[in-house]
Amino acid sequence: MTIRPVHLVALMAVAAGLALFAALSQAQRAVTTAERDLLAAEASIAARLLRDAGGGDRAASLFGGRVSRSPVRDPNAVEVVVDEAVPARATTSVFDADGWDVVGQVVVDEDASRRASLPVSLYALAAVACAALVALATWCVSRAGVCGPSGSLRWPVFTWLAVGVAVAFVPAALAERWAQQSLATVTAQRLAVASRVLAARDDVAALARVPSGILGLTGLRFVPTGTADRDQLLASGLPVQVAQALAGASPAESGHVVVEHVSYATADVASARLILLPYEHVRRPTSSMVAVVALGLLIGVPMIVLSSTIGDARRARRELAAWSFLAPGLLHLAAFTIGPLVFAAWLSLHRWSLVDPARPFVGLENYAALASNAGFWNALLNTAIFTLHVPFSMTLALGLALLVRHPGRSSVVARAAFFLPSITSLVAVAMVWQWMLSDEYGLANAALEAAGLPRVRWLSSPSLALVSIMIVATWTTVGFQTVLFQAGLTAIPRDLYDAARIDGASRWRQFRHVTLPGLRPTLVFVLITSVISSFQVFGTVYVMTQGGPLHATDVAVFHIYEEAWELQRVGSAAAMSWTLFAVIFAVTWLHFRTLEQRAEA
Amino acid sequence: MVTTVSRPPAGIALRGLEKRFGDVVAVHPLDLEIAPGEFVVFVGPSGCGKTTVLRMIAGLDDPSAGAVWIGGRAVEHVEPADRDVAMVFQSYALYPHMTVRENLAFGLRMRKHAAADIERRVSRAAGVLGLEALMERRPGQLSGGQKQRVAFGRAMVRDPQVFLFDEPLSNLDARLRADMRREIAELHARLGATMLYVTHDQVEAMTLGQRIAVMRDGRLQQYAPPLEIYRQPANLYVATFIGTPSINLVTGDIVAPAQAAGRAEPSPCLVAGRLSLPLASQQSASRRVTIGVRAENLRVVPPGDSDFTSVVHRVERLGNESLVHLDGPLDDPWIARAAADWAGRAGDAVGVRLDRQHTLWFDAGDGRRLE
């Protein structure tokens, strides 16, 4: 087929339409989900009220005619179920007073007046923006200057396309703003419902003291605060800093507390202050950005790829064939390498943990915090010290490779023996070494004792533990390096040694002037890969010392692991990962540069 | 032209030199004398042991038996570096990370020559070989011919008593090879050093060598000046190995006069198919004899007055001459040289006459040449 300008324009129209529709419906979905959650909360509040005497009246006063009770017993319906119909309704079971038997069901209908839907004008605006973008693109493509003499798009065209994308950004941004406002309204409604439920009780202070007491009553995740409630706050699953900040915070006039980029809605009921745990009112400023970036990519990439093939069926076929061959690899790369990389970068700009639903954007704070994070610097320093084992293991490997250089049965056996550690599970190796270096029962200390020497606290002494890890790392890597060196040695022509012998070079000088230069590419390769992998050391530390004693073996990757999974500070851990990446990149680049330059000189 | 040799060249003697690799005999006991200043070429097919001989002379391989004498001293326990030999390798074996200058100077530096002396020798070699413009380049940036020159230069700067060349031209294209051949010959004339040259190329052997040692399967076949090798090959192998196109051979029986009754010859004859040739002398005791005639010693004549009749299959016209492919006495393919404007064509019936003077006789059994 021949690619014509009209194809490109059609492609762009589809892409732009899809991206804008995605951005808008994302906003609508966030609001709808929040509304449904509120409905579910209302259903569980109603069910809870109905358990008490006179609760029916109270529920009716709260929800008006929206609540209805049926005696149907459904032993399976124990949770709140919200159906997806419009208008939605939530159904949940009513339990008897002791919470054992299901005595009926309660149904709460959605408050139709409350439902917020994205203004039609926004959709219209999106359509206009889309049309504008397409028109702009059509103009760009149809102009004779789209394809430069070399077949590539000219820069002015890109500029105009950028303008078009910026125009398309407007409806996305407006939808985002609408979603923010709607969510704030929903939050206010949640807070109001809960306040009214609690206001009707005379035991609010007592309820507030019982963990999850208010949750049971209102179905909403509140943190009550008061003079004595600091401990309870700390037990709420929030990050420690946030909990402490919330305990000490006084609400602003609007009834909000903002802690670490997250706004918490507050309400005073009787003597207790309630803080609504963050939910959908925490907005991610990124969703529309993502949509627009996707839009740009969707438009730009096909333009670049296809613009050069306009009107040329053979090139179009070739291009298509090339891309379809590349596609599996590219998709794999995108999904498993670039994707996680970008996700980690995104994480590093947020406060993010599995347990806390609030994942606010914090900008570069995670990175800024690293500067004063002594633990991380200690880990980096330990990693740098650990990397010093590389020259030792390389020297050892080179020596071994030279020893078993000449072919023969013994060299084959030796080669296999050297390589064994590399094919053994690292965890198994680490566990065996842990036993061998054990203070009490270790082989190393037994040998020392047998020789009449004092025991050494290999892994339990802060000054020695890292050295012990380095010894283990040397043992595990030296075999692989030896095999690489052997391969490198076989590539050096024998004639060079003969020539050097005739030239009168001694064994040392043959090594210096023939072996080392001939091995240089291998040396550079082994050095760089070894340094990189030593910066990534994790397994041995995890198994043998867990970073201890006293953080003496706390290396960078292990520190990152602890930050993410033990301390649940995933954003900070992601920032550390990127910092480590930058360090490794810089070190590698430096290596390449100095080694290349010396090779040039 | 300035002569660059500061010392008299050394002669080489090989005494019963032998090399075994396990059960395999690479070189059978070899005795050879090389005069000071002589250019000797070892020639033979690959695997004939010629390179092994060279490596033993250089000291890179130890002989299994026998001895090498260089300049009147046995060098059995002398390191390669101290034998005062220089070697040029087939692969050139230039140090890839050193510039041309450093490559040339390396051997001198290893020998702790003074810097000024190194500089003098290197620039002299560079001048002789035309390397001045390439001094700061690395081997990777040189063409094959340039690398070859550097390899020569590295040998030259040492000013050794003996040069050893191990198939130095086999990695070059035909044109460059011819040029380098000339340069090597000039180099030898200028330096006057003893040179040993190993090759599988008979043209190199014939053009360069003052004497040629033909080897086969680890045995020396003949050791003689080029023309003698060509005209009086010691055996069938040497005869066929040297010369292009290959020598024409035919094997026949010696027939007594009585048996040859009805023929004009009064003396014993060699009878091979259509060819009947009176014996040149009473050399052979054997009943079967092979004769060899080089292409230029055959004359294609009209069918009547000839040694045997034949049919032309193909005529290769080379411009300066024509090569006539025709049937030998036993209908085996023979080749004769003819004038460039020879008028025959494929399919012509012709006669062939042999130049009796230059017909070579060999024992068909052991291949020895019969005098």
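Residue numbering restarts at 1 for every chain, and letters A, B, ... go by the order of the sequence lines.
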ask   = Mind checking which of residues 394-403 of chain A sit less than 4.5 Å from chain B, heavy atom to heavy atom?
value = none
key: Which atom of B/M110 lies closest to which atom of A/G504, heavy atoms considered   = CB-O, 3.8 Å
key: Contact class of B/Y95 relative to chain A, heavy atoms under 4.5 angstrom   = both
Heavy-atom neighbours of A/F525 CZ exceed 12 at 6.0 Å = no
Chain B-proximal positions within residues 477-498 of chain A [heavy-atom distance under 4.5 Å] = A/D495, A/L496, A/D498
query = Using a heavy-atom distance cut-off of less than 4.5 Å, which residues of residues 49-60 of chain B contact chain A?
reply = B/R55, B/A58, B/G59, B/L60
message = Which label fits A/H513 and B/F106: parallel for a plane angle under 30°, tilted from 30 to 60°, or perpendicular past 60°?
response = perpendicular
note = Those residues of residues 379-393 of chain A that come under 4.5 Å of chain B on a heavy-atom basis, listed by number, are none
ask   = Around B/R120, counting heavy atoms of other residues, nucleotides and ligands shown, do more than 12 lie under 6.0 Å from its CZ?
value = yes
request  = Determine whether more than 12 heavy atoms belonging to other residues, nucleotides or ligands lie under 6.0 Å from atom CD of B/E76.
outcome  = no
ask   = Heavy-atom count around A/R405 CZ within 6.0 Å, excluding the residue itself: above 12?
value = yes
remark   = Whatever's closer than 4.5 Å to a heavy atom in chain A on B/L108 counts as neither
key: Engaged part of B/A151 at the chain A interface, taking heavy atoms whose separation is under 4.5 Å   = neither
remark   = d(A/D503 CG, B/R158 CZ) to nearest 0.5 Å is 6.0 Å
query = A/I502 pairs by side chain to side chain contact (heavy atoms under 4.5 Å, CB included) with which of B/R154, B/M87, B/R83?
reply = B/M87
